[in-house]
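Data first, discussion second: the structure below is written as structure tokens.
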Amino acid sequence: MKNLSTILATLVLVFAFMNSASAEDWKVSATAKKKLNPYELSKKNISTGKKVYQTNCKSCHGDPTKANMLPLVPAPADLGSQNFLVQSDGEIYHKVKVGKGAMPTFEKTLNDESKWMVIAYLRSFDKNKKKAVVTKAVVNPEVSDVKIELDIDSEHKKLKAHLTGLKKDGKRAGLEGIELSFLIKRAFGQLDISGEEAYTDAKGELLIQFPTDLPGDREGQVDLTIKITDEDEYGVIEEKRVLSIAVPTNPKNPLDERAMWGTRANAPIWIIASYLLGVIGIWSVIFLVLFQVFQLSKMRTKS
Amino acid sequence: MTQKTSDKSRRNFLKSFGVTVGAAGVVSSFSLLSAAKAAAKEPGETVNLLTADGQLVQVDKNQLRPTVNEPLDELQQRGREGIAGKSFVMVIDLSKCRNARKCMSACQNHHQLRADQHHINVLQMQDADHTAPYFMPKPCQHCDNPPCTKVCPVDATFKRQDGIVLIDNERCIGCRFCIAACPYSARIFQWTEPKDAEKYKDLTYNIEANVPQKKGTVSKCLFSADRLREDKLPSCVSACPNGVYYFGDRNEDAVTNGTSGETVRFSKLIEENAGYTLMEELGTKPRVYYLPPKNRAFEFNGDLLNEENLH
């Protein structure tokens, strides 16, 4: 047993060494290294980057700084660690773009903007550059009991969400600059209708245009969930509603119509009619012939 | 005085209760023992299973039972009727497909098919001499004007209200007219005894999954109709690692990507990416839509056997 663990430990060390060695091999040209992130480290860009990160990077790299990456060999880097973040923006950009080994290329899967947003998100973990983040960030008062209230303007199909929290002095205050998701329940997932800039304003309010052509059920009802997109700050805050502002849709049952492709019960009338006429016609001819033959023999016996 | 008696009776009750429980314990442990002995007597084949909490356990194969509990009549009836109010569609994004073939293996697992039998097949396509080749997954198109159901002499293959075209292997006589009628070559015939026929011989036939497969009948893609009943995406859709498949309800105008879980408007997806259907000139009205292989995320050198293309 002890032997086994020694062997395992040695293997792990060897792989770790190989990993670091291959990381060194990953050469990036000097011009590529010099590239700078054209997008500022604003709160909005970081949260956009976080979304891109979670759909494209998290499955292998895990959460930044948490070191919960997939146990692959070589192990995916913890993208929030200082060891990783010593690289320049251009270096990270190049690696995301080109990929290597198990790391796929994101040249075409992610557009330039998304790639830079991810880098902005990763930079927010960089202890040496944290100041840049704070410059644009909005500071909300410390609050508890965060709530989302919803006003519905059925005529213009507009939804107004109001995000508030209870301050320490007992008053409710609107929370600014928080991203909200408006999700409509569909058969296999949630349709996001919040659009690009779904951040609350200074009063904590956010106005959303409900899509005018989105189908609902027979009565035009849909299930709506509003929630704070980033669950890290206030936990899971969501509000569920049934709205009656979608387009009422009557599902068409293809079996209501008679069609060529239908089974026996759904065959078109003209097919059934012509089939029956054909069968009756043919059999009547046969019967007629038999009848005549019978008559012939009868005539013979008479004469 | 009354208190005393009641106390006594309670003690009596506890005593008798203890005896009963103890006896029950002994009996049950005996029965457990005998069961264990019986199991030890016939050491059957064991299989490794992963429990819900991630533990690997060894289970005797004889103790495993198939999961279908509904009687045949009920399965047949609900399979014929379909799911009310739905209209299922699939969108296949050819620019993402890099021939991972996970859809095919997931499908073959689900429908008990051999590796050479395809409900869904990833084809290598090249439209003309100087056009770029691409990979194209091809399931049954679940046409709204299906040529296959028109030719079936025994009403075995049919279309349901949610748009899915199914085949009832209990009715199928194996004439293969439908295979000849299908312009997409979406159907297969079970020429020999199907895979694991012996293993699944006691399983109730499920028309929504075509399992167990039957020798001498036709089998085809079913959009995993049994999974749709549980609000799950079809096997191929959820198995794809590259985000190729979208699946959803046309009545709701929404389709969900099986890899990322992202839900988008069906009409917008088709409009913005110039979606098309296969052989629409035949008037079959397919329910499977394709997005052209534009802006591909990977190199394709046109060689199906090249290691680089088999990701």
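Please read these numbers as outputs of a predicted model, since none were measured by experiment. Just so it is clear: chains get the letters A, B, ... in the order the sequence lines come, proteins before strands, and each one is counted from 1.
Note: B:Glu262 CD to A:Gln190 CD = 13.0 Å, rounded to the nearest 0.5 Å. The CD1 atom of A:Ile193 sits 9.5 Å away from atom CZ of B:Arg265, with the distance rounded to the nearest 0.5 Å.
Your options are A:Asp192, A:Asp213, A:Thr55, A:Asn266, and the one with the most heavy-atom pairs under 4.5 Å with chain B is A:Asp213. Between chain A and the options B:Val264, B:Asn145, B:Asp253, the largest number of non-hydrogen pairs under 4.5 Å is found for B:Asn145. Your options are B:Asp231, B:Thr259, B:Asp249, and the one with the most heavy-atom pairs under 4.5 Å with chain A is B:Asp231.
With a 6.0 Å radius and a threshold of 12 heavy atoms from other residues, nucleotides or ligands, A:Lys227 has its NZ atom at or below the threshold. Within 6.0 Å of CZ on B:Phe177 lie no more than 12 heavy atoms contributed by other residues, nucleotides or ligands. The local environment of CD in A:Glu155 is sparse, with at most 12 non-hydrogen atoms from other residues, nucleotides or ligands closer than 6.0 Å.
By a heavy-atom distance cut of under 4.5 Å, A:Thr249, A:Pro251 are the residues of residues 237-251 of chain A near chain B, going up by number. Residues of residues 146-167 of chain B lying within less than 4.5 angstrom of chain A, judged on heavy atoms, are B:Pro146, B:Thr149, B:Lys150, B:Asp155, B:Thr157, B:Phe158, B:Lys159, B:Arg160, B:Gln161 in numerical order.
If you measure heavy-atom distances from A:Leu183 to chain B, you find no contacts under 4.5 Å at all. At a 4.5 Å heavy-atom cutoff, the contact between B:Thr256 and chain A is made by side-chain atoms alone. Both the backbone and the side chain of A:Leu191 come within less than 4.5 Å of a heavy atom in chain B. Residue contact with chain A, scored on non-hydrogen atoms closer than 4.5 Å, involves the side chain of B:Phe88 exclusively.
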Residue pair A:Phe188, B:Leu228: steps toward the side chain to side chain contact (heavy atoms under 4.5 Å, CB included) verdict: CA-CA 9 Å; A:Phe188 302 100; B:Leu228 298 180; 3.6 Å; yes
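A side-chain donor-acceptor contact under 3.5 Å links B:Glu252 to the backbone of A:Ala187.
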